[in-house]
Amino acid sequence: MSDPRAVPSLITVAQAFVRPVARAWTRRTWTGLENLPESGGALVVCNHLSVYDPIAIGDALLTGGVPPRFLAKEPLFDVPVLGAALRATGQIPVARGARAGTRASSALDAAQDAITRGQIVAMFPEGTLTRDPELWPMRARLGAARIALATGAPVIPAAVWGTREVWPYGARRPHVPPRRDVQVSFGRPVRLEAADGESPRDAAIRCTGEIMEQIVALVAQIRGIAPPAELHDPRADAFRPEDGHRR
């Protein structure tokens, strides 16, 4: 049986080029790597600030001996070369907006299957870059909680900070030096369970709130300031770029 934690050869080759560039761009601080389980499947959930986030989190996971496997937006898989690389490294496409339909549930099934086979899957529960004016996490979609409840696997909250300075929102390319500080912190694993008599949807809603509480606490710890009393609700935004339309 193949090792579920084996690093795909393409990632091994890519990191030989990507990591030196990342080190030239950033001063990296990874904490909580001891919270990544040495064996068995798990779900890593993180806030989302920048298109640079997967590079930072992937680098941190590789440092902890975990090959990065993300749920990623489906349009990325249509990009020449990039799409082939994403498929070759086991990334999981997630449909959004009008493209969703049954393909959204198939992405959750693929993530559950990977976790059941002993892999660690990473995802951004918000489903898009935060639009909170102060860059706090937003209210999240229910996918992460549904995966956790279906598999019973531990959920590892994570926080990333500094990546928007490396690759600002809306920029076509990352900033060049001076080097920027980037931090990734992994929290202690938690297990989520449905309460007696709780419907699957109610359990997913409650557990999503618990997931985001853990993530917000880690972000607040990195930033050294208190989080807001309520998270920004992206459903009320006039423009939702992840869905490609205005309300």
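Counting from 1, the numbers follow the sequence of the chain as shown. In this text, all values refer to a predicted model and were calculated from it rather than measured experimentally.
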Is it possible for you to say whether [X] and [Y] belong to one hydrophobic cluster, with membership spreading through side-chain heavy-atom contacts below 4.5 Å?
X    : Y    : value
L218 : I156 : no
V45  : W136 : yes
V190 : M123 : yes
V216 : M138 : no
F70  : W167 : yes

Return the [atom1] to [atom2] distance between [X] and [Y], rounded to the nearest 0.5 Å.
X    : Y    : atom1 : atom2 : value
I147 : L192 : CD1   : CG    : 12.0 Å
I57  : Y52  : CD1   : OH    : 11.0 Å
D113 : R117 : CG    : CZ    : 4.5 Å
H175 : W25  : NE2   : CH2   : 11.5 Å
E126 : H232 : CD    : NE2   : 10.0 Å
R69  : Q119 : CZ    : CD    : 4.5 Å

Could you check if a side-chain atom of [X] sits within less than 4.5 angstrom of a side-chain atom of [Y], using non-hydrogen atoms only?
X    : Y    : answer
E134 : P228 : no
T130 : R164 : yes
T128 : H48  : no
V160 : F124 : no

Do any N or O atoms from the side chain of [X] and from the backbone of [Y] form a donor-acceptor pair under 3.5 angstrom?
X    : Y    : result
E193 : L149 : no
R146 : A204 : no
Q112 : D109 : no
R27  : R179 : yes
T26  : R28  : no
D53  : L49  : yes
Q214 : V155 : no

Looking only at non-hydrogen atoms, find the nearest pair between [X] and [Y] and report the distance.
X    : Y    : value
V182 : A56  : CG1-CB, 3.9 Å
P93  : A107 : O-CB, 3.3 Å
L129 : S50  : CD2-N, 3.4 Å
A158 : I215 : O-CG2, 3.6 Å
V121 : A111 : CG2-O, 4.1 Å
C46  : P125 : O-CD, 3.2 Å

Practice task
Identify whether the distance between the nearest side-chain nitrogen and carboxylate oxygen of R206 and D202 falls below 4.0 Å.
Solution key: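 D202 and R206: not salt-bridged.
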Practice task
Using the side chain to side chain contact (heavy atoms under 4.5 Å, CB included) rule, take L36 and F186 through it: C-alpha gap first, then chi angles, then the decisive distance, then the call.
Solution key: CA-CA 8 Å; L36 298 173; F186 298 100; 4.1 Å; yes
Handout entry: Residue pair L43, I115: steps toward the side chain to side chain contact (heavy atoms under 4.5 Å, CB included) verdict
Key = CA-CA 7 Å; L43 179 65; I115 291 171; 4.1 Å; yes
Exercise for the section: Dump the intermediate steps for side chain to side chain contact (heavy atoms under 4.5 Å, CB included) on V184 and W161, then the final yes or no. Expected result: CA-CA 7 Å; V184 175; W161 190 251; over 6 Å; no
Practice task
Give a yes or no on this: more than 12 heavy atoms of other residues, nucleotides or ligands lie within 6.0 Å of atom CZ of R188.
Solution key: no
Handout entry: Residues, nucleotides or ligands: over 12 heavy atoms within 6.0 Å of E34 CD
Key = yes
Practice task
State which residue, out of D132, I211, V219, fulfils the side chain to side chain contact (heavy atoms under 4.5 Å, CB included) condition with P137.
Solution key: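 With P137 as partner, D132, I211, V219 yield a single side chain to side chain contact (heavy atoms under 4.5 Å, CB included), made by V219.
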Problem - Residue pair T63, L33: steps toward the side chain to side chain contact (heavy atoms under 4.5 Å, CB included) verdict - result: CA-CA 8 Å; T63 301; L33 293 175; 3.7 Å; yes
